[in-house]
Amino acid sequence: MATRQSVGQLLEECEGALRFADYEYNEASRLGHYSDDEFQKSQLYIEEALTDLDKMYGSANAQQRDMLQRMEQQLNDIKNDMIVLRH
């Protein structure tokens with residue numbers, strides 16, 4: 001069973017990855033080839049966050065799974081946006 005603290009910590013880490021990716025996406029949209037390394041790093045953080053969510057999902061209760069699914073959707077949305085961005 002996942003603890004409230006471990007789920008909360010994971011969600012905070014995911015929110016950080018989400019903020020970083022959102023920032024890089026906006027910068028790339030605005031400036032083009034602004035910083036390919038940082039853009040790719042933010043994509044890597046998104047992938048790592050999705051992997052961590054998947055691992056946590058198996059030991060989460062129903063309420064925690066709901067929170068994890070919502071975060072997963074947000075991460076997948078920005079991931080897809082970054083993939084289709086022509087920067």
Side-chain angles (χ1 to χ4, degrees):
M1 175 73 100
T3 65
R4 183 182 315 180
Q5 182 180 5
S6 62
V7 171
Q9 182 178 351
L10 176 59
L11 290 174
E12 284 181 31
E13 292 171 11
C14 290
E15 287 173 9
L18 192 59
R19 282 190 302 271
F20 181 41
D22 189 52
Y23 174 79
E24 289 301 323
Y25 174 82
N26 288 329
E27 289 298 301
S29 296
R30 203 167 49 86
L31 302 173
H33 289 281
Y34 156 69
S35 176
D36 286 338
D37 291 338
E38 291 299 308
F39 189 85
Q40 291 172 355
K41 188 185 296 184
S42 67
Q43 288 178 309
L44 179 62
Y45 287 160
I46 293 293
E47 287 297 327
E48 289 172 354
L50 287 167
T51 300
D52 292 344
L53 282 174
D54 190 46
K55 290 177 188 175
M56 182 71 71
Y57 191 81
S59 62
N61 64 32
Q63 182 182 13
Q64 292 168 333
R65 281 194 298 272
D66 183 56
M67 291 187 300
L68 295 173
Q69 285 176 329
R70 290 171 191 255
M71 179 56 71
E72 179 182 29
Q73 183 62 49
Q74 291 177 48
L75 292 168
N76 278 321
D77 287 347
I78 191 70
K79 174 184 166 184
N80 291 336
D81 289 345
M82 293 176 91
I83 289 170
V84 299
L85 178 66
R86 298 179 197 268
H87 93 279

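Since the model is a prediction, treat every value here as computed from it, not as a measurement.
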Exercise. Is the closest basic N to carboxylate O distance between Lys41 and Asp37 below 4.0 Å?
Worked result: no

Would you call [X] and [Y] a side-chain contact if the rule is heavy atoms closer than 4.5 Å?
X	Y	result
Leu68	Leu11	yes
Met67	Arg70	no
Phe39	Gln43	yes
Gln74	Glu15	no
Gln73	Asp77	yes

Exercise. Any idea which heavy atoms bring Met71 and Leu18 closest together, and the distance?
Worked result: SD-CD2, 4.3 Å

Distance in Å, [X] [atom1] paired with [Y] [atom2], rounded so as to fall on 0.5 Å steps:
X	Y	atom1	atom2	answer
Glu72	Arg65	CD	CZ	13.0 Å
Asn76	Gln69	CG	CD	11.5 Å
Ser42	Lys79	OG	NZ	12.5 Å
Cys14	Leu75	SG	CG	5.0 Å

Exercise. Quick check: does any side chain N or O of Asn26 sit under 3.5 Å from a backbone N or O of Asp22, one acting as donor and the other as acceptor?
Worked result: yes

Exercise. Which pairs with one or both residues in residues 47-75 pass ring pair (Phe, Tyr, Trp, His ring centres under 6.0 Å), sequence neighbours excluded?
Worked result: none

Exercise. Applying the 4.5 Å side-chain criterion to the ILVMFWY set and letting contacts propagate, would Leu44 and Leu10 be lumped into a single cluster?
Worked result: no

Problem set entry | Trace of the side chain to side chain contact (heavy atoms under 4.5 Å, CB included) decision for Glu24 with Gln40 | CA-CA 9 Å; Glu24 289 301 323; Gln40 291 172 355; over 6 Å; no

For this session: May I ask you to list the residues sharing a hydrophobic cluster with Tyr45, side-chain cutoff 4.5 Å, ordered by chain and number?
Result: Phe20

